[in-house]
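This report concerns only the one structure given below.
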Amino acid sequence: MPGAQCHAVRVAVTGTDVRRLRDRLAVAGPWRLWTDDIPGAATGPIAVRRRASELRRPVRGDARCVLLRYEDGTADLVVVAHRDRLDGPGLHHLVAVLTGERPPSPAPHPAAPRAGLPPVAAAPDWGGGDPSSTAHAACHVDLPLPHATAPAALRLPALAVTLARYDGHGATAAATVGTDDRGAREYALPASATLRDLAATEPAHTAHGVVAGILEADPGPPADERLPCLAPPFPLTFVFSPLPDGATRLSCHFRLSHVAPAVAEGFTRHLAQVYRQAVLAPDTAVADVELLDRDERDRVARLGRPAAGPARTPDTLPRAFARVAAAAPDAIALCDGGTELSYRELDERSARIAAGLRARGVRRGDRVGVCLERSAELVVTLLGVVRAGASYVPADPAYPTDRLAHTVADAGLRVVVTRLAEFPREGGAVPLTPDELTAPASTERAGTAEDGPEEPEEPSGPPAPDDPAYVIYTSGSTGRPKGVTVPHRNVVALIDATRDEYGLGPDDTWTLFHSAAFDFSVWEIWGCLLTGGRLVVVPYAVTRDPDDFRDLLLARRVTVLSQTPSAFSQLLRTDHTGLPVQLVVFGGEPLDSRMLLPWFDRHPETTCRTVNMFGITETTVHVTAQTVTRELALAGSRSVGPALPGRHLYVTDERGRLVPPGVTGEIRVGGAGVAAGYLNRPELTAERFLPDPYAPDARALTYRSGDLGRMRTDGRLEHLGRIDSQVKIRGFRIEPDEIRAVLLEDPAVTAAAVVVHRDDPTDPATARLDAYVVPAGGTAADLQGLRKRAAGILPEHMVPATVTALDALPLTPNGKLDATQLPAPVRSSSSARPAPEPDGTGDTALAGALREIWETVLGTPVGLDDDFFELGGNSLFAVRISAALRARGLKPVPLRDLFRTPTIRELTT
Amino acid sequence: MRLTGKTVVVTGAARGLGRATAEACAAEGADLALLDLCDDLPGVPYPLGTAGQLEHTAELCRKAGSAVLTARCDVRDLRSVEEAVALAEERFGALDGVVNNAGIAAPSGRPAHEIGEEEWALMIDVDLSGAWRMIRSVGGAMSARRSGSIVNIASTAGLVGYRHFAGYVAAKHGLIGLTRAAALDYAPRKVRVNAVCPGSVRDDPTAEGRMLAEIARALDVPVSEHEQEFVAAQPMNALIEPADVAAAVVYLLSDDARQVTGTTLTVDGGFSAR
């Protein structure tokens with residue numbers, strides 16, 4: 001940048017005898033004196049502007065002296081010089097000669113030649129810079145430290161420590177800092193080293209690019225104005241200089257291409273804070289240095305807490321529902337195929353379920369399993385369970401028996417409402433159908449439905465807001481799913497936080513698209529029923545068929561649609577013109593907002609609002625909300641928005657300290673959504689649910705999400721993925737360690753690893769789980785058998801697509817799995833078997849067409865006996881295959897047929 | 001303000017379009033190096049700009065807040081041009097824009113075979129080669145900084161012929177050719193070269209322009225008759241104002257035009273649209 005190597009001073013001068021000034025200057029050096037007569041007084045607008053521009057005008061050559069004379073008789077002398085010719089003492093000398101403080105003599109050259117400026121590094125991801133900007137700006141912080149005596153040797157170490165913190169979660173313990181005369185230097189920052197240690201070591205030279213550096217402000221001449229540089233030589237250039245009272249000013253000159261002003265201002269405050277610690281407590285260990293002082297912590301904490309929503313009294317689902325039902329009892333609450341239930345009917349039927357449960361001994365605080373397909377009966381049952389004062393524990397009927405059994409045992413379920421004939425009965429669980437529950441024998445104590453849904457007297461009383469409403473099981477790092485207990489008040493608060501903003505009300509029609517075992521359904525069911533809307537049950541088969549789903553949205557006039565981005569991308573492949581949807585809520589997995597452009601083409605933001613919500617089961621579905629606009633989609637924004645009213649966001653480092661805006665850290669969530677904890681896992685609960693130091697209520701908790709994020713200076717959160725290996729595939733949260741644990745249970749396996757792979761990084765549908773196993777000594781690997789056994793234990797979305805045998809797992813020096821060294825997975829098709837018959841021998845016409853389509857969709861050669869799922873197939877690919885078959889006028893293959901007969905030969909015979 | 005922080009050199013800045021351009025640049029925040037011959041030229045049948053007129057232009061710009069350097073410069077003399085550029089660079093550090101405005105309209109008014117050798121050479125020397133000398137003097141430094149905008153004041157006489165103005169027409173056609181070639185030379189270095197082609201510009205009294213009057217005199221017609229003829233020839237039924245031309249120059253100097261190079265921006269009330 002021009003001017004990066006120049007410095008400048010302005011001094012007011014009196015008695016502007018130009019001839020004498022010229023004579024003095026002629027002795028000091030070969031420079032011309034420029035004189036400018038400025039219209040107006042020294043305080044006038046033109047004078048102000050001219051002084052600023054003269055001070056910031058780089059020199060051609062090595063120095064320039066300009067005398068600005070004002071109409072009020074005053075004058076300023078502005079001297080701009082290149083540091084290579086005139087350093088601080090040289091500039092001081094020249095000014096002293098010009099002002100007559102010193103007898104005329106030549107201005108000295110610098111004592112030692114200066115190293116060239118180090119290269120500039122790329123813009124840091126925490127900077128929020130504008131790459132197209134060429135401008136720069138400045139800010140400063142004043143420190144109550146004596147400039148003359150505070151050790152200058154601590155400045156570079158302080159900058160190195162601050163910079164390393166900004167590099168964020170898991171960054172290496174080193175930082176490169178720039179100096180104006182000694183090039184770039186790299187500090188090693190071991191956690192236990194003290195700031196004093198760092199100051200005592202000479203950091204190594206490095207050729208690395210520099211983001212931040214310190215300009216050692218030479219002891220320049222006393223001046224009315226002084227610029228240590230005309231443009232920042234480093235993207236963040238810091239200067240320590242004395243204030244008139246002897247204290248220290250820390251100035252920051254920064255390039256807008258690399259850092260946004262708010263980030264630069266924050267960085268400057270944090271560097272000041274670190275420098276202060278270095279001076280006052282030089283024996284502080286690097287790891288113990290605090291970047292933020294108390295005020296700063298409060299400021300950052302406030303960023304993650306938007307203005308509180310309307311204060312509402314904590315409430316329960318039954319009470320909130322009762323109010324809605326009483327307001328419009330004849331409004332339709334539920335649609336399921338040909339069945340329609342009004343709010344009154346839903347009220348009555350759920351009362352019968354509640355009564356039936358009580359008759360079976362269910363009491364307030366109990367847990368009741370619910371394992372039903374998406375149906376009206378499911379919703380009636382869930383409402384019935386909470387009305388009975390119990391919490392519901394949903395399980396998907398499609399889950400393998402093993403997983404259902406685990407849920408029953410872990411939650412200690414005595415009653416499970418299900419229609420599965422083969423529901424596991426371990427541990428004394430009693431499976432009951434809804435019909436059995438509401439049979440006259442079990443409801444006689446509840447009175448008759450026609451008399452109205454009177455709640456019978458119950459010794460333990462109705463549920464309280466803090467009572468659990470549901471327990472939803474999620475993947476856990478310990479290898480088995482864990483139950484998250486969520487109180488009533490959390491769910492009611494979620495709806496309260498969104499009702500007004502999104503205009504949710506009786507005119508809305510919602511879908512129930514998701515399994516009750518996935519907490520997105522909590523939002524769908526209670527979001528609808530607590531705002532008086534109409535809930536349309538989407539049968540499982542329809543959720544898997546985008547054309548049928550589109551038809552349902554049209555036929556039912558759905559206005560509020562909740563989708564995972566993966567599912568929505570399938571809907572986008574259909575002709576979605578004319579859908580009456582007015583609000584789309586995304587959740588469950590990261591949204592690439594660019595995928596919404598085709599949606600916006602047909603559904604402008606003025607007719608349909610699309611909102612990306614980030615959340616976690618442990619924080620009651622949603623935490624943040626970002627309305628996605630075409631503008632944001634075009635920019636590929638990663639913002640998931642600010643916290644919903646009543647919810648708090650914190651981003652912290654490994655030690656739980658708040659990190660500054662822009663810096664990557666772990667997302668923590670506090671406020672109204674934090675769950676009560678994990679069921680029967682006090683240690684895990686204590687580890688993940690921690691006190692909220694910033695909440696007024698001392699009992700308030702935050703949940704450590706294990707997700708990486710960045711708080712922006714405007715309070716919006718950027719979500720950057722999981723810290724550990726946990727991932728989501730098609731909306732399902734998957735813990736590879738959980739799958740690994742299942743593989744390791746097989747005696748034929750001694751070591752295992754599970755990784756997620758995307759053939760096409762831009763296409764979430766190609767996400768696939770690949771397993772690697774080391775077989776036990778001497779045994780031949782029966783990989784197919786291993787996969788089949790795993791499929792008997794794991795839900796479909798967690799079964800690895802491939803299993804590859806290895807002699808040993810590649811490890812990093814730290815002994816962790818080195819996923820980058822894993823070989824390409826062995827697919828059972830082309831590599832393990834002879835190539836498919838190239839001439840298509842044995843193909844019927846249908847088999848030939850299927851082969852072509854499978855090969856196109858799966859991107860791999862396909863033999864007639866290749867297993868669809870072993871080739872990497874999944875439900876999304878199945879949908880694409882069905883679409884391709886329809887396009888050729890052929891009959892689509894339903895997903896359930898594929899499960900039963902996953903090869904082309906079986907499908908076509 | 002579209003030219004804040006930029007320094008612009010204007011040749012022929014004493015009066016007329018030069019003064020109007022300097023004022024427009026000052027109003028947009030530019031600092032200015034104002035150059036003029038400040039002398040009459042043997043062979044040119046009318047008085048040229050004076051030192052007093054140049055200082056008046058400078059004063060107008062200073063009042064608008066610009067830092068202004070004035071210097072004499074003879075665009076027929078490469079050394080004179082180089083010295084003026086060096087002085088401007090010493091004062092301002094770097095030059096961001098150059099407006100090649102210096103030019104003469106006469107001697108003219110005769111068919112081609114009646115033009116004398118010296119008359120021909122003078123016209124080409126000032127109106128065409130003068131711009132080249134300035135480009136030669138600033139092109140290197142602008143290339144090195146990968147930034148700069150050069151605007152050549154051509155004319156509709158650079159687009160079409162005018163009877164009895166062969167020298168002027170040839171010089172202005174040549175200037176457009178120079179504009180296009182130089183634009184290609186410097187495009188990879190992000191230095192832009194464009195031309196502005198004014199139609200018939202009114203001799204604004206405060207700008208002290210006298211071009212139209214001198215052309216009328218060269219053609220031996222009364223000024224009012226000549227004006228009427230051009231008003232009729234320009235479909236918008238008006239003469240061009242100096243500020244209209246200056247506005248086009250400011251656009252080409254500004255970053256708004258950062259992808260505009262090698263073009264001719266015509267300001268002629270529709271004259272060349274026919």
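Heavy atoms only: backbone and side chains are in, while hydrogens, waters and symmetry mates are out. Because the structure is a prediction, the values reported are computed rather than measured.
Between atom CZ of residue A:R64 and atom CZ of residue B:F92 there is a gap of 8.5 Å, rounded to the nearest 0.5 Å. Between atom CZ of residue B:R145 and atom CZ of residue A:R60 there is a gap of 9.0 Å, rounded to the nearest 0.5 Å.
A salt bridge links A:R32 to B:E90: one of the charged nitrogens lies within less than 4.0 Å of a carboxylate oxygen.
Residue A:V80: no heavy atom, backbone or side chain, is found under 4.5 Å from chain B. Using a 4.5 Å cut-off between heavy atoms, B:T7 touches chain A through its side chain atoms alone. Looking at B:L87, the atoms closer than 4.5 Å to chain A (heavy atoms on both sides) sit in the backbone and in the side chain alike.
Residues of residues 55-68 of chain B lying within less than 4.5 angstrom of chain A, judged on heavy atoms, are B:R62, B:K63, B:A64, B:G65, B:S66, B:A67, B:V68 in numerical order. Contacts with chain A (heavy atom to heavy atom, under 4.5 Å) involve no residue of residues 252-262 of chain B.
Around CZ of B:R202, the count of heavy atoms belonging to other residues, nucleotides or ligands within 6.0 Å exceeds 12. In this structure, A:H208 places its NE2 atom where only 12 or fewer heavy-atom neighbours from other residues, nucleotides or ligands lie under 6.0 Å away. Atom CD of A:E631 has 12 or fewer neighbouring heavy atoms from other residues, nucleotides or ligands inside a 6.0 Å radius.
Residues B:R91 and A:D36 have side chains in contact (heavy-atom distance under 4.5 Å, counting atoms from C-beta outward).
The greatest number of non-hydrogen atom pairs below 4.5 Å with chain A, out of B:G93, B:G5, B:G29, is found for B:G93.
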